[in-house]
**Student:** 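Can you keep this structure in mind? I'll have questions shortly.
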Amino acid sequence: MRDVLFLPLTEGRELAIAVDGSAAVGDKPGDTVHAPAETVAYFAARVALMELLSVGAEANAVVLQNFMGDDRWEALCRGIERVCHELSLRLPVTGSTESNFSTVQSALGVMAVGTVAAERKRIGVTPEGAKFAVIGRPLVGPAVLAHPQWVAPLSLFVELLASPSVYELVPIGSKGIYYEWMQLLAANGRQGRACACPLPLFASGGPATSFLISYDRAAEGALRKRAGRLFFSLFAER
């Protein structure tokens with residue numbers, strides 16, 4: 001199932017929680033991938049908020065778990081605020097910092113909290129006959145910083161999220177395109193099957209640099225035009 005936890009809140013409404021974490025990525029000497037703290041927080045918040053919004057939820061707050069030190073807090077918040085700006089959101093940020101002990105590697109966690117009405121939940125709503133595509137390329141580690149032109153922009157994500165021609169959107173994480181494809185099929189009550197795509201099906205998608213969509217085949221031309229070279233068709237093999 002999708003990487004979002006749903007909990008009963010009120011009649012017809014649920015609490016929705018999505019989380020992402022990062023480790024060994026940052027500006028400490030022991031980090032495997034070196035990047036500014038703001039950038040690290042940007043991509044972690046990007047994943048959590050994309051997961052939350054893609055299931056039809058409204059985002060209400062962000063919780064930051066900082067294991068990088070007190071002096072990184074402001075930079076981490078700037079990264080989260082940048083994501084919110086790109087998604088046209090204004091969200092309160094709270095959290096905690098490990099300030100008792102220092103670490104030789106960077107680590108953080110970001111939790112996005114929201115609510116979703118039962119009738120607006122966007123899971124298992126892909127009809128028979130829908131087509132599929134990946135928007136953006138799956139990238140991880142240094143490739144994320146080296147190839148920003150292949151990272152699906154959040155402005156495009158928001159536009160497709162609002163499109164009546166797009167049924168479901170699924171951020172692609174570390175388990176890759178094929179895993180998310182199988183999860184999407186299962187959520188729609190269909191058996192898993194092989195698929196073909198110009199992109200590597202089993203490569204890590206890192207911090208959701210790409211996402212899978214199901215869409216109305218009549219809108220393919222318009223979607224291709226909007227996404228440009230970031231549009232990669234995914235075909236179910238018979």
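Keep in mind that what you see is a predicted model, and the values were worked out from it rather than measured.
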**Student:** side-chain hydrogen bond (donor to acceptor under 3.5 Å, both in side chains) with Glu159: which residues, sequence neighbours excluded?
**Tutor:** Arg226
**Student:** Any Lys/Arg nitrogen of Glu180 or Lys175 sitting under 4.0 Å from an Asp/Glu carboxylate oxygen of the other?
**Tutor:** no
**Student:** Strictly distance-based, threshold 3.5 Å: is any side-chain N or O of Gln183 a donor or acceptor partner for the main-chain N or O of Leu185?
**Tutor:** no
**Student:** Would you indicate whether the side-chain heavy atoms of Val25 and Gln105 approach each other to under 4.5 Å?
**Tutor:** no
**Student:** Do the ring centers of Tyr167 and Tyr215 come within less than 6.0 Å of each other?
**Tutor:** no
**Student:** Under 4.0 Å between a Lys/Arg side-chain N and an Asp/Glu carboxylate O for Glu51 and Arg46?
**Tutor:**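 Salt bridge between Glu51 and Arg46, a charged N being under 4.0 Å from a carboxylate O: no.
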**Student:** Let me confirm one number: the NE2-OG distance from His34 to Ser106, rounded to the nearest 0.5 Å.
**Tutor:**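 Reported value, rounded in 0.5 Å steps: 9.0 Å.
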**Student:** Checking side-chain contact (heavy atoms from CB on, under 4.5 Å) for the pair Val83/Leu154: CA distance, chi angles, key distance, verdict?
**Tutor:** CA-CA 8 Å; Val83 175; Leu154 290 177; 3.9 Å; yes
**Student:** For residues Leu91 and Ala59, report the shortest heavy-atom separation together with the two atoms involved.
**Tutor:**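 It is CD2-O, 3.4 Å.
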**Student:** Output yes when a side-chain donor or acceptor of Ser54 lies under 3.5 Å from a complementary backbone atom of Met50, and no otherwise.
**Tutor:**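 Yes.
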**Student:** Kindly indicate whether the side chain of Tyr179, heavy atoms from C-beta on, has any atom under 4.5 Å from the side chain of Leu201.
**Tutor:** no
**Student:** Show, in sequence, the C-alpha distance, side-chain angles and deciding distance for Val116 and Val55, and conclude whether the side-chain contact (heavy atoms from CB on, under 4.5 Å) test is met.
**Tutor:** CA-CA 8 Å; Val116 61; Val55 297; 5.6 Å; no
**Student:** According to a hydrophobic-cluster definition based on side-chain heavy atoms being under 4.5 Å apart (Ile, Leu, Val, Met, Phe, Trp, Tyr only), do Leu76 and Phe67 belong together?
**Tutor:**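 Shared cluster, no.
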**Student:** So, Asn188 side chain and Arg190 main chain: donor-acceptor pair closer than 3.5 Å or not?
**Tutor:** no
**Student:** Measure across Ala16 and Leu52 and return the closest heavy-atom pair with its distance rounded to 0.1 Å.
**Tutor:**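 Shortest heavy-atom separation between Ala16 and Leu52 comes out as O-CD1, 3.5 Å.
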**Student:** Measure from the side-chain N and O atoms of Asn66 to the backbone N and O of Met68, and report whether any donor-acceptor pair falls under 3.5 Å.
**Tutor:** yes
**Student:** With a 3.5 Å distance limit and no angle check, can you tell me whether Trp181 reaches the backbone of Arg193 through a side-chain donor-acceptor pair?
**Tutor:** yes
**Student:** Flag the pair Leu87 / Val158 as yes when at least one side-chain heavy-atom distance between them is below 4.5 Å, and no otherwise.
**Tutor:**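 In short, these two side chains touch, coming nearer than 4.5 Å.
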**Student:** Does Leu161 share a hydrophobic cluster with Leu156, counting links as ILVMFWY side-chain heavy atoms below 4.5 Å and allowing steps through other members?
**Tutor:**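 Linked, Leu161 and Leu156 end up in one cluster.
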**Student:** If you look at every heavy atom in Ala37 and Ala75, which pair is closest and at what distance?
**Tutor:**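 Residues Ala37 and Ala75, closest heavy atoms: CB-CB, 4.1 Å.
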**Student:** So, does Asp20 use its side chain to make a donor-acceptor pair with the main chain of Val47 at under 3.5 Å?
**Tutor:**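 Looks like no, no N/O pair under 3.5 Å.
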**Student:** Given 3.5 Å as the limit, does a donor-acceptor pair link the side chain of Ser233 with the main chain of Ala133, or not?
**Tutor:** no
**Student:** Between Glu14 and Lys121, does at least one N-O distance fall below 4.0 Å, as a salt bridge requires?
**Tutor:**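 Salt bridge between Glu14 and Lys121, a charged N being under 4.0 Å from a carboxylate O: yes.
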**Student:** Do other residues, nucleotides or ligands put more than 12 heavy atoms under 6.0 Å from the CD atom of Gln191?
**Tutor:**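 Check fails, neighbour count at 12 or below.
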**Student:** Dump the intermediate steps for side-chain contact (heavy atoms from CB on, under 4.5 Å) on Val4 and Ile17, then the final yes or no.
**Tutor:** CA-CA 6 Å; Val4 179; Ile17 301 172; 5.8 Å; no
**Student:** I'd like to know if the side chain of Arg217 and the backbone of Gly129 have a donor-acceptor N/O pair within less than 3.5 Å.
**Tutor:**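 Between the backbone of Gly129 and the side chain of Arg217 there is a qualifying donor-acceptor contact (under 3.5 Å).
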**Student:** Out of curiosity, Lys28 NZ to Thr32 OG1, how far, rounded to the nearest 0.5 Å?
**Tutor:** 14.0 Å
**Student:** Please verify the inter-ring angle class for Tyr178 with Phe202; under 30° counts as parallel, over 60° as perpendicular, anything in between as tilted.
**Tutor:** tilted
**Student:** Side-chain heavy atoms under 4.5 angstrom apart, residues restricted to Ile, Leu, Val, Met, Phe, Trp, Tyr: same cluster for Phe132 and Met182?
**Tutor:** yes
**Student:** With side-chain contact (heavy atoms from CB on, under 4.5 Å) as the criterion, how do Arg137 and Leu230 come out once you've worked through the C-alpha distance, each side chain's angles and the decisive distance to 0.1 Å?
**Tutor:** CA-CA 7 Å; Arg137 286 181 177 271; Leu230 295 177; 5.9 Å; no
**Student:** Apply the test salt bridge (Lys or Arg N to Asp or Glu O under 4.0 Å) to residues Arg13 and Glu119: give CA-CA distance (whole Å), side-chain angles for both, the deciding distance (0.1 Å), then the verdict.
**Tutor:** CA-CA 9 Å; Arg13 199 161 190 84; Glu119 70 272 12; over 6 Å; no
**Student:** Can you tell me how far apart OG (Ser214) and CD (Glu168) are? Round to the nearest 0.5 Å.
**Tutor:** 5.0 Å
**Student:** Does Asp70 reach the main-chain N or O of Ser99 with its side chain, forming a donor-acceptor pair under 3.5 Å?
**Tutor:**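 Checked: no pair found.
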**Student:** So among Leu199, Ile135, Val134, which one has a side chain to side chain contact (heavy atoms under 4.5 Å, CB included) with Ile172?
**Tutor:**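 Single side chain to side chain contact (heavy atoms under 4.5 Å, CB included) partner of Ile172 among Leu199, Ile135, Val134: Val134.
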**Student:** Any non-hydrogen side-chain atom of Phe6 less than 4.5 Å from a side-chain atom of Ile123?
**Tutor:** yes
**Student:** Of all heavy-atom pairs between Pro138 and Ala203, which one has the smallest distance, and what is that distance?
**Tutor:** CB-O, 4.5 Å
**Student:** So which atom in Val110 and which in Val62 form the shortest heavy-atom distance, rounded to 0.1 Å?
**Tutor:** CG1-CG1, 3.7 Å
**Student:** Calculate, to the nearest 0.5 Å, the distance between atoms OG1 and CZ belonging to Thr115 and Arg120 respectively.
**Tutor:** 10.5 Å
**Student:** From Tyr42 OH over to Ile80 CD1, what is the distance, rounded to the nearest 0.5 angstrom?
**Tutor:** 12.5 Å
**Student:** Is it the case that more than 12 heavy atoms not belonging to His85 sit under 6.0 Å from its NE2 atom?
**Tutor:** no
**Student:** Just say parallel, tilted or perpendicular for the rings of Trp150 and Phe232, cut-offs at 30° and 60°.
**Tutor:**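 Because their plane-to-plane angle lies in the 30° to 60° range, the rings of Trp150 and Phe232 count as tilted.
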**Student:** I'd like to know if Glu38 and Arg72 make a salt bridge, using a cut-off of under 4.0 Å between side-chain N and carboxylate O.
**Tutor:**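 No, this pair does not count.
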**Student:** Might you point out which heavy atoms bring Cys195 and Leu234 nearest each other, and give the distance in Å?
**Tutor:** CB-CD2, 3.7 Å
**Student:** Enter the distance from Ile177:CD1 to Cys197:SG here, rounded to the nearest 0.5 Å.
**Tutor:** 4.5 Å
**Student:** Measure from NZ or CZ of Arg78 to the centre of the six-membered ring of Trp73 and say whether it is under 6.0 Å with the direction within 45° of the ring axis.
**Tutor:** no
**Student:** Quick check: do Val113 and Leu15 have side-chain heavy atoms less than 4.5 Å from each other?
**Tutor:**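 Yes, close enough: below the 4.5 Å cut-off.
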**Student:** Any side-chain heavy atom of Leu223 sitting closer than 4.5 Å to one from Lys225?
**Tutor:** no
